[in-house]
Amino acid sequence: MVVFEVTRKETTPFDGQKPGTSGLRKKVVVFQQPNYLHNFVQSTFDALTSEKVKGATLVVSGDGRYFSKDAIQIIIKMAAANGVRRIWVGLNGLLSTPAVSCVIRERVGADGSKATGAFILTASHNPGGPHEDFGIKYNMENGGPAPEAITDKIYANTKTIKEYLIAENLPDVDISTIGVTKFTGPEGSYDVEVFDSASDYVELMKSIFDFESIRKLLASPKFTFCYDALHGVAGAYAKPIFVEELGAKESSLLNCTPKEDFGGGHPDPNLTYAKELVLRMGLGKSNPQDEPPEFGAAADGDADRNMILGKRFFVTPSDSVAIIAANAVQSIPYFSSGLKGVARSMPTSAALDVVAQNLSLKFFEVPTGWKFFGNLMDAGLCSICGEESFGTGSDHIREKDGIWAVLAWLSILAYKNKDNLNGGKLVTVEDIVHQHWATYGRHFYTRYDYENVDAAGAKELMSYLVNTQSSLQEVNKIIKAIRLDVSDVVDADEFEYKDPVDGSVSKHQGIRFLFADGSRLVFRLSGTGSEGATIRLYIEQYVKDSSKSSRDSQEALAPLVEVALKLSKMKEFTGRSAPTVIT
């Protein structure tokens, strides 16, 4: 057995090691600087209470992107030196972000040990490779991201750090083989256990969903299926769940081999980057050679995001969470006794609000950031939640969960088709969405991103909008001069959230204009770094009349788009005549 020694290494701070709710993300070359990762890891250990470090069990894994394997070995050596008792690593260093949350909450070691936290190595949907992005974040004992109180402490520590602890003579651990490697040091035993990346998560999914009913759906010759992992970590779960457990054909899996550079692609599950899936589902510019599958889905790099597609049909993330909430009690055993409540991020469309109102559910509108959902879930107030940026989840863990969302949709399809798999017409994804619109109305929705605009101009635009909100009469006068066919603004504010659980207040979360007919305009500023700012404009038109719900989305939104651009003086403040990206 190797006996290791603890070395104290002198270091100096690096600028800009401020973690957001998604942790610290930088280019790989930044993380490869001597001591850069070490400083952040030590600052994290120092921000935690002693019992969360000394004698503790921690998880260290991630999405497998470039530099992950090096980072895992560094963290193993530093954890040993800081008095951690054991480290759990997913096979080959792979664990999806939702699986890490599951492992913290559910896994029990052979000796009865439970994890109290995790270092997750991911930059989510950002590209990977030697010249691309790397990231690290810390999750707490509830399985959710570290709250601001902890990330603020980490950041403060990074600015004053003078030394870090490391067991330099600890040999690298083979993370490609399942098993336990035992060491001993000044504070006693230290174990590193490499375990199967998928088993804990698969068991959790089997406890939530009726796998037998999904198996019947996938076995039907009427139903065809396609899943694209975009060469992210979701590939480590796709075969065990969809093929081995649910009986899908292996040929229905696309890009399901995790790669350090995501196959040179951008692991972001949307209509722009999931090109191969979009083409196969009949949504590309050219027609596919074969008839498209009935159902398609994609994941991002760390498998917490999802995109849902039907045959030649795209489901918006805002509609997706509303449809899951509306059908969960009948379709998913985990929710059979009812939903505790539902929640969405403020920029997400109000489709979920209408479901909550109709089903008399508790409803919460929170700032962007999964930790706000986590607080509600820990307090037993929320069962299902989602955000417009392709994130959907529930209280089974404390992260968004892409594969959970796919299984939720397959459960709804299985329930709707339980009596007609042998005869009768298949109820499709498109049918389910149209049925939902007929019941609850449709929220036409789009997002305009103006990236890298002049930060000063962006701030001026936001200040101007706040000032206009002082007189709704004046706002409506401006709007009527632009378009007569747009409803009146009945409320306008700068969104502020008081957490009902801990009482904390989050201010300046975006500027809202709420219309009499249920439509909304939302303006948010995101990132005011050296490369300028990004303005996100969310435009939402609510239509209750089901005879109008099949209109073309751009046509339905055109009046509000014109109002938003002219009311905000977007071109004058930013110099931009068009957005960088339209979602």
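What you are looking at is a predicted structure, and each value in this text was computed from that prediction instead of being measured. Computed from heavy atoms alone, side chains included, the values below leave out hydrogens, waters and symmetry copies. Counting from 1, the numbers follow the sequence of the chain as shown.
- Between T97 and D304, the side chains place no donor N or O within less than 3.5 Å of an acceptor N or O (distance only, hydrogens not considered).
- Under the 3.5 Å distance criterion, with hydrogens and angles disregarded, a donor-acceptor pair is assigned to the side chains of N306 and T392.
- Taking all atoms of both residues into account, the shortest heavy-atom contact from G62 to V233 is O-CG2, 3.9 Å.
- When each of W404, F335, Y201 is tested with H396 by the rule ring pair (Phe, Tyr, Trp, His ring centres under 6.0 Å), just one qualifies, namely W404.
- With respect to the salt-bridge test (charged N to carboxylate O, under 4.0 angstrom), the residues R520 and E365 qualify.
- Formation of a donor-acceptor pair under 3.5 Å by the S331 side chain with backbone atoms of A328 is not found in this model.
- For the pair R512 and E496, the salt-bridge criterion is not met [side-chain N within less than 4.0 Å of a carboxylate O].
- Remark: the D431 side chain and the T428 side chain contain an N/O donor-acceptor pair separated by less than 3.5 Å.
- Between F195 and W88, the ring planes lie perpendicular to each other; the angle is over 60°, past the 30° to 60° tilted range.
- Using modelled atom types and a 3.5 Å distance limit, the side chains of S124 and D300 yield a donor-acceptor pair.
- In this structure, F262 has its ring center at least 6.0 angstrom away from the ring center of H231.
- Residues satisfying the salt bridge (Lys or Arg N to Asp or Glu O under 4.0 Å) test with D499, not counting sequence neighbours, are none.
- Using a 4.0 Å cut-off between charged side-chain N and carboxylate O, E388 and R447 make a salt bridge.
- Two rings, from Y334 and F209, have their centers 6.0 Å or more apart.
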If you apply the rule side chain to side chain contact (heavy atoms under 4.5 Å, CB included), what do you find for V429 with I432, and how did you get there? CA-CA 5 Å; V429 170; I432 289 168; 5.8 Å; no
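- Looking only at distances, no side-chain donor or acceptor of R312 sits under 3.5 Å from a matching main-chain atom of M281.
- Between the side chain of N92 and the backbone N or O of L94 there is no donor-acceptor pair closer than 3.5 Å.
- More than 12 heavy atoms of other residues, nucleotides or ligands shown are found within 6.0 angstrom of NZ on K222.
- Nearest heavy-atom pair, L58 versus V84, reported as atom, atom and distance to 0.1 Å: CD1-CG2, 3.8 Å.
- A ring-centre distance under 6.0 Å is not found for F134 and Y66.
- Of all non-hydrogen atoms in V342 and A325, the two that sit nearest each other are CG1-CB, 4.1 Å.
- A salt bridge is absent between E141 and R105: the closest approach of a Lys/Arg side-chain nitrogen to an acidic carboxylate oxygen does not fall below 4.0 angstrom.
- Using a 4.0 Å cut-off between charged side-chain N and carboxylate O, E430 and K311 make no salt bridge.
- Look at R280 and D228 and you find no salt bridge, because none of the NZ, NE, NH1 or NH2 atoms lies under 4.0 Å from a carboxylate O.
- A distance-only check finds a donor-acceptor pair linking the side chain of S213 to the backbone of D210 [under 3.5 Å].
- A salt bridge does not link D133 with R25: none of the charged nitrogens is closer than 4.0 Å to a carboxylate oxygen.
- The pair R65-E132 does not meet the salt-bridge criterion, since no charged nitrogen lies less than 4.0 angstrom from a carboxylate oxygen.
- What you find for L410 and I214 is that their closest heavy atoms are CB-CG2, 3.9 Å.
- Applying the side chain to side chain contact (heavy atoms under 4.5 Å, CB included) test between Y138 and each of F40, F119, F45 identifies F119 as the sole match.
- Using a cutoff of 4.0 Å between basic side-chain nitrogens and carboxylate oxygens, E203 and R107 are not scored as salt-bridged.
- Listed by first and then second residue, the salt bridge (Lys or Arg N to Asp or Glu O under 4.0 Å) pairs involving residues 82-99 are R85-D191, R86-D111 (not counting sequence neighbours).
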